[in-house]
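To start, the structure itself, in structure tokens.
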Protein chains: 2
Amino acid sequence: MQVTPELLSAFPSLKPLPPATLSRLAQESSVRKFARRGVVLTAGVREEFVCFLFEGRLQGVDFTIDGREVGLYFVEPGDFCGELGMFDHGPQPEFVIALTAVVTVFVPMESLRQVTLEHPMLLKLLGERLAARVRQLTRQRSLLGLPNISQRVCCQLWLLVPDDARQNLQASVINNPPTHMEIAIMLNLSRETVSRVFQILQTRQIVRRDGTSLLHVSDTAALKRLAEGKEEL
Amino acid sequence: MQVTPELLSAFPSLKPLPPATLSRLAQESSVRKFARRGVVLTAGVREEFVCFLFEGRLQGVDFTIDGREVGLYFVEPGDFCGELGMFDHGPQPEFVIALTAVVTVFVPMESLRQVTLEHPMLLKLLGERLAARVRQLTRQRSLLGLPNISQRVCCQLWLLVPDDARQNLQASVINNPPTHMEIAIMLNLSRETVSRVFQILQTRQIVRRDGTSLLHVSDTAALKRLAEGKEEL
DNA sequence: CTGGCTAAGTGACTACAATCACATAATAAC
DNA sequence: GTTATTATGTGATTGTAGTCACTTAGCCAG
């Protein structure tokens, strides 16, 4: 499907580029839609595209030697993934799966590399992005160190709360929340355990489900306290 | 202490730089030695140096909210750490601790940034290095997904085996191996559990201790099979 | 509206690693 | 050489999350 420069400029990382560059990139890019569960990027393959997420939620997943699924990170709209090859021409290290129906824009790596030559700014941006990824992986790893299981779940949930609500501790909504299973593999837990934690959070009226696509966070302050371990579940 | 250009060229990442550049960098750099347990980089601080490791072994560590220690990665001689700020000017995300007495070279970030302007090659190299770090963090995360504890320990041990021995499955030696505790925090295990796994590995004559500073890997093939889950301990 | 399917809730049971509490060994410090 | 300190080894006990085996709910397609 055709990509317009306007679509590309919806992404914070591309927005600063001049219109001419955006037009050129747009011509070489394509919109790709995936159904829930669709494989967006394949591990071990030299994917020659960077995948920008327009709508929906993605999850980076890997598999252990014995076939167990491991959740690595979530990708939110406006962000991108699969950019590692931009730096080292290596293969994509992990799978990226669509958690919901998604709309993505695939931009060829080679075109992006061309653009970085003309616009070092983009290179800088990519570097910052990669640094952010390292910081996020590090944070996620620390999370796994928590011996208290409910705290782990609450921390993960906390990371899914929109920024503004995190600031003001207002009630908020998480759109298309991951399933219990998807959370479980991120946290090295079983699906049942995550389910039991949610059960407690719901009876305590800290969160409330509203269909599959909405999770209301009613008591943001309580969630924060639980995430920080200041309160036990 | 004074740094010579020769010392700097011992690092694969700096070796390709022209002698004049190396001399300039050498003048601005300093050798710093740390005792075992010394704090090489501090979390949360904007460290204005990239730390190149000449001798010994470092460990990146973080702490969970409840104070539990979490091991993130090991740094081997020839490699460097603390480079994240080069990309985003952000604070150092984790502590870096000396596992043995170490000799490091601290190169000011600002000098390195200057060099990247003249030598895009270095920029490319730094990018590749950061990408490698992401790959390593990802691999380490997958490791934690392993439900079998001894496999986890064997995998980690396998990563410490020198490259050439990994290829040829020859007997080899791990210098200054991490303590059981240091391995434990990398793998989300208790010290005792690691100790028990080592006990089995030793009675099976797969590894052999030789003082504090040497760990002989006698049966590399068996270690590999255990790491891959092809054999149970 | 009715299957078919995926997600989520729940009890019972169990395995297994954490914890505790030491003993012992190996280094480092004096 | 002797003491202090840190690393390691080991048994006993316990808590807790995983697993199994279902049930129930929610969603979508026809």
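Naming convention: chains lettered A, B, ... in sequence-line order (proteins, then strands); numbering from 1 in each chain.
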Is there a side-chain polar atom (N or O) of [X] under 4.0 Å from OP1 or OP2 of [N]?
X: Arg68(A); N: dT19(D); value: yes
X: Gln199(A); N: dA8(C); value: no
X: Ser195(A); N: dA8(C); value: no
X: Arg152(A); N: dA17(D); value: no
X: His180(B); N: dG9(D); value: yes
X: Gln202(B); N: dT8(D); value: no

Q) Has the side chain of Arg191(A) got a donor or acceptor atom sitting under 3.5 Å from an opposite partner on the base of dG9(C)? A) yes
Q | Base of dT19(C) paired with side chain of Arg196(B) (donor-acceptor, under 3.5 Å) | A | yes
Q: Describe the nucleic acid contact of Thr212(B) in one word from base, sugar-phosphate, nothing, applying a heavy-atom distance below 4.0 Å.
A: sugar-phosphate
Q) What does Asn148(A) touch in the nucleic acid at a heavy-atom separation under 4.0 angstrom: a base, only the sugar-phosphate, or nothing? A) nothing
Given atom [atom1] of [X] and atom [atom2] of [N], what is their separation to the nearest angstrom?
X: Leu215(B); N: dT8(D); atom1: CG; atom2: C1'; result: 13 Å
X: Arg37(B); N: dT6(D); atom1: CZ; atom2: P; result: 9 Å
X: Gln151(B); N: dC16(C); atom1: CD; atom2: P; result: 14 Å
X: Ile200(A); N: dA17(D); atom1: CD1; atom2: P; result: 10 Å
X: Asp66(A); N: dG18(D); atom1: CG; atom2: P; result: 15 Å
X: Leu144(B); N: dA17(D); atom1: CG; atom2: P; result: 17 Å
X: Phe198(B); N: dT10(D); atom1: CZ; atom2: P; result: 14 Å
X: Leu189(A); N: dT16(D); atom1: CG; atom2: P; result: 14 Å

Per [X] side chain, nearest of listed nucleotides [options]:
X: Glu192(A); options: dT19(C), dT19(D), dG9(D); value: dT19(D)
X: Ser190(A); options: dG9(D), dT19(C), dT19(D); value: dT19(D)
X: Ile149(B); options: dT6(D), dT19(C), dA17(C); value: dA17(C)
X: Thr193(B); options: dC20(D), dT10(D), dA17(C); value: dA17(C)

Q) With a 3.5 Å cut-off and no angle check, do the side chains of Asp66(B) and Gln151(A) form a donor-acceptor pair? A) no
Q: Report yes if some heavy atom in the side chain of Pro77(A) is under 4.5 Å from a heavy atom in the side chain of Asp79(A); otherwise report no.
A: no
Q. Is there a side-chain contact between Leu215(B) and Asp210(B), using heavy atoms and a 4.5 Å cut-off?
A. no
(Q) I'd like to know if the side chain of Arg57(B) reaches the main chain of Asn175(B), judged simply by a donor and an acceptor atom lying under 3.5 Å from each other, with no hydrogens or angles considered. (A) yes
Q: Would you kindly compare Thr179(A) and Pro147(A) by the position of their nearest DNA chain C nucleotide and give the one closer to the 5′ end?
A: Thr179(A)
Q) Are Asp62(B) and Arg139(A) close enough, and set up right, to give a salt bridge (charged side-chain N to carboxylate O under 4.0 Å, His left out), and what steps lead you there? A) CA-CA 9 Å; Asp62(B) 200 355; Arg139(A) 204 171 36 241; over 6 Å; no
(Q) Walk me through whether Lys224(A) and Glu231(A) qualify under salt bridge (charged side-chain N to carboxylate O under 4.0 Å, His left out). (A) CA-CA 9 Å; Lys224(A) 188 181 181 193; Glu231(A) 197 177 317; over 6 Å; no
Q. Toward the 5' end of DNA chain D, which comes first, Asp210(A) or Asn188(A), by nearest nucleotide?
A. Asn188(A)
